[in-house]
Amino acid sequence: MDFQSRARDAVRFPTLLLALLPLAACRDGSVPLAPPPVAADVETASDQGLMGTIAFTSTGGGRFLQIFTMNPDGSDITQLTTDSGSHLHPSWSPNWHQIAFERIYDIFVINADGTGLTQVTHNGPVTSSAQPAWSPDGRRLAFASGDRGRLYGISVMNSDGTEVTPLTTPVFAYDAVQSSDYSPAWSPNGKQLAFVRVSRDGITSDICVMNADGSEVTQLTHNASGVVVSRPWWSPNGKRLVFSANSELDGSYTNSARVFTINPDGSDVVEFTIGIIPAWSPNGRQIVFDGSNGIAVMGADGSGIRQVANFFAIDLTWTPPPLNL
């Protein structure tokens with residue numbers, strides 16, 4: 001049967017609280033694998049930019065969060081994972097053939113048809129690897145590494161789990177977390193990483209950008225106390241970042257999460273609409289996000305908002321730009 005959402009309230013809180021929304025059952029199905037389109041395909045794609053595949057996490061009416069995929073118009077919902085433990089933060093490989101995700105403090109990779117599940121990291125009882133992000137060349141994964149508490153830094157490793165290199169380190173002061181980093185996202189050229197830095201009170205967070213080797217960390221937003229931001233996503237041309245935050249345009253706190261875009265240098269912040277966990281389409285023409293009544297898609301300029309599913313997701317990600325775009 002189709003997904004149906006029992007959550008009817010408008011989006012009021014950031015991503016972590018969205019996990020409390022109940023979600024109902026989904027149907028079985030299959031998504032045929034196909035190679036990613038070449039640049040010519042992008043030019044002849046729909047004017048609305050509805051290309052590629054969206055991956056997301058949902059309980060699907062069960063006990064644990066699982067990984068699902070669907071077409072950008074909300075059709076052909078397919079469940080990829082079925083085992084116990086919550087599955088979080090899916091990230092597409094650049095060739096669209098695999099999805100990396102987090103499950104019980106480790107990172108796994110699965111084929112886009114649900115086969116070939118592979119465990120990439122093997123953490124001990126007190127360590128954690130979370131929120132993987134595939135590099136544009138497919139050779140590395142950036143991720144948040146930590147102690148299963150609030151202490152995380154950004155690290156990178158080969159896509160097979162070897163050669164782990166820490167890039168940032170959490171900072172302590174008087175036994176309170178002053179800096180902890182999450183949710184890395186590669187720039188399209190692979191030269192930079194955007195990420196979320198939680199600081200001050202252990203709740204308030206901002207968007208930061210650094211070089212792929214961990215140097216030159218730049219804070220883009222300067223939010224007031226209590227503002228929480230979602231993982232930032234780069235536009236396919238690398239000129240903008242999209243994210244959500246429970247803030248006003250000036251970074252002051254509000255009780256309603258909104259979708260924003262920003263330049264990679266922190267300038268020209270634009271507010272679009274109420275929503276959370278946005279992600280770009282492969283050709284940059286569209287943005288998917290969790291809206292007030294379920295998953296929605298809008299133009300990259302905020303126009304033409306339309307609901308494509310009547311349920312909420314916990315994480316959303318769209319297939320990346322074609323390799324030769």
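Sequential numbering from 1 along the given sequence is applied to the chain's residues.
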**OP:** Please lay out, stage by stage, how D160 and V120 fare under the test side chain to side chain contact (heavy atoms under 4.5 Å, CB included).
**Re:** CA-CA 6 Å; D160 63 0; V120 177; 5.9 Å; no
**OP:** May I ask you to decide whether R258 forms a salt bridge with E248, counting only side-chain N to carboxylate O separations under 4.0 Å?
**Re:**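 Counted as a salt bridge, because a side-chain N and a carboxylate O are separated by less than 4.0 Å.
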Do [X] and [Y] have side-chain atoms, one donor and one acceptor, less than 3.5 Å apart?
{"X": "T57", "Y": "D315", "value": "yes"}
{"X": "Q66", "Y": "R103", "value": "no"}
{"X": "D106", "Y": "S129", "value": "no"}
{"X": "R240", "Y": "N263", "value": "yes"}
{"X": "R197", "Y": "S179", "value": "yes"}

How many angstroms lie between [atom1] in [X] and [atom2] in [Y], if you round to the nearest 0.5 Å?
{"X": "S84", "Y": "I104", "atom1": "OG", "atom2": "CD1", "answer": "5.5 Å"}
{"X": "T165", "Y": "R140", "atom1": "OG1", "atom2": "CZ", "answer": "9.0 Å"}
{"X": "N123", "Y": "S145", "atom1": "CG", "atom2": "OG", "answer": "8.5 Å"}
{"X": "I295", "Y": "R306", "atom1": "CD1", "atom2": "CZ", "answer": "13.5 Å"}
{"X": "N293", "Y": "N310", "atom1": "CG", "atom2": "CG", "answer": "9.5 Å"}
{"X": "H87", "Y": "I99", "atom1": "NE2", "atom2": "CD1", "answer": "12.0 Å"}

**OP:** Could you please spell out the steps behind the side chain to side chain contact (heavy atoms under 4.5 Å, CB included) verdict for F311 and D290?
**Re:** CA-CA 9 Å; F311 56 87; D290 257 0; over 6 Å; no
**OP:** For this output row, return yes or no: ring centroids of F101 and H89 closer than 6.0 angstrom.
**Re:**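 Distance test on ring centres: not under 6.0 Å, no.
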Subject >> Ring-ring centroid check Y152 F143, cutoff 6.0 Å >> reply: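 Between Y152 and F143, the centre distance exceeds or equals 6.0 Å.
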Where do [X] and [Y] come nearest, in terms of heavy atoms and distance?
{"X": "P320", "Y": "S93", "result": "CG-O, 3.6 Å"}
{"X": "I287", "Y": "W280", "result": "CG1-CE3, 3.8 Å"}
{"X": "S292", "Y": "I274", "result": "OG-CG2, 4.0 Å"}
{"X": "P232", "Y": "V196", "result": "CD-CG2, 3.9 Å"}
{"X": "A212", "Y": "G190", "result": "CB-O, 3.5 Å"}
{"X": "N283", "Y": "S281", "result": "OD1-OG, 3.0 Å"}

Donor-acceptor pair, [X] side chain versus [Y] backbone, under 3.5 Å?
{"X": "W186", "Y": "A133", "result": "yes"}
{"X": "D206", "Y": "H222", "result": "yes"}
{"X": "S244", "Y": "I276", "result": "no"}
{"X": "N211", "Y": "E216", "result": "no"}
{"X": "T221", "Y": "I207", "result": "yes"}
{"X": "N71", "Y": "D73", "result": "no"}
{"X": "W234", "Y": "V242", "result": "no"}
{"X": "T204", "Y": "S199", "result": "no"}
{"X": "T59", "Y": "R63", "result": "no"}
{"X": "T81", "Y": "I67", "result": "yes"}

Less than 4.5 Å apart, side chain to side chain, heavy atoms only: is that true for [X] and [Y]?
{"X": "Q98", "Y": "S159", "result": "no"}
{"X": "L167", "Y": "M210", "result": "yes"}
{"X": "T261", "Y": "F272", "result": "yes"}
{"X": "V198", "Y": "I203", "result": "no"}
{"X": "D265", "Y": "L220", "result": "no"}
{"X": "P236", "Y": "P188", "result": "no"}
{"X": "M298", "Y": "Q286", "result": "no"}
{"X": "F56", "Y": "L65", "result": "no"}

**OP:** Indicate the ring-plane relationship of F243 and F260, choosing parallel, tilted or perpendicular according to the 30° and 60° boundaries.
**Re:**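 Geometry flag for F260 against F243: parallel rings.
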Tell me whether [Y] is reachable from [X] by hopping between hydrophobic residues (I, L, V, M, F, W, Y) whose side-chain heavy atoms are closer than 4.5 Å.
{"X": "V109", "Y": "W96", "value": "no"}
{"X": "L316", "Y": "F68", "value": "yes"}
{"X": "W233", "Y": "F289", "value": "yes"}
{"X": "I107", "Y": "V156", "value": "no"}
{"X": "I262", "Y": "V270", "value": "no"}

Original post:
Run the side chain to side chain contact (heavy atoms under 4.5 Å, CB included) check on I305 and T273 step by step: do they pass?
Top reply: CA-CA 9 Å; I305 297 174; T273 185; 3.8 Å; yes
Subject >> Intermediate values then yes/no, side chain to side chain contact (heavy atoms under 4.5 Å, CB included), W92 and T317 >> reply: CA-CA 8 Å; W92 285 97; T317 180; 3.9 Å; yes
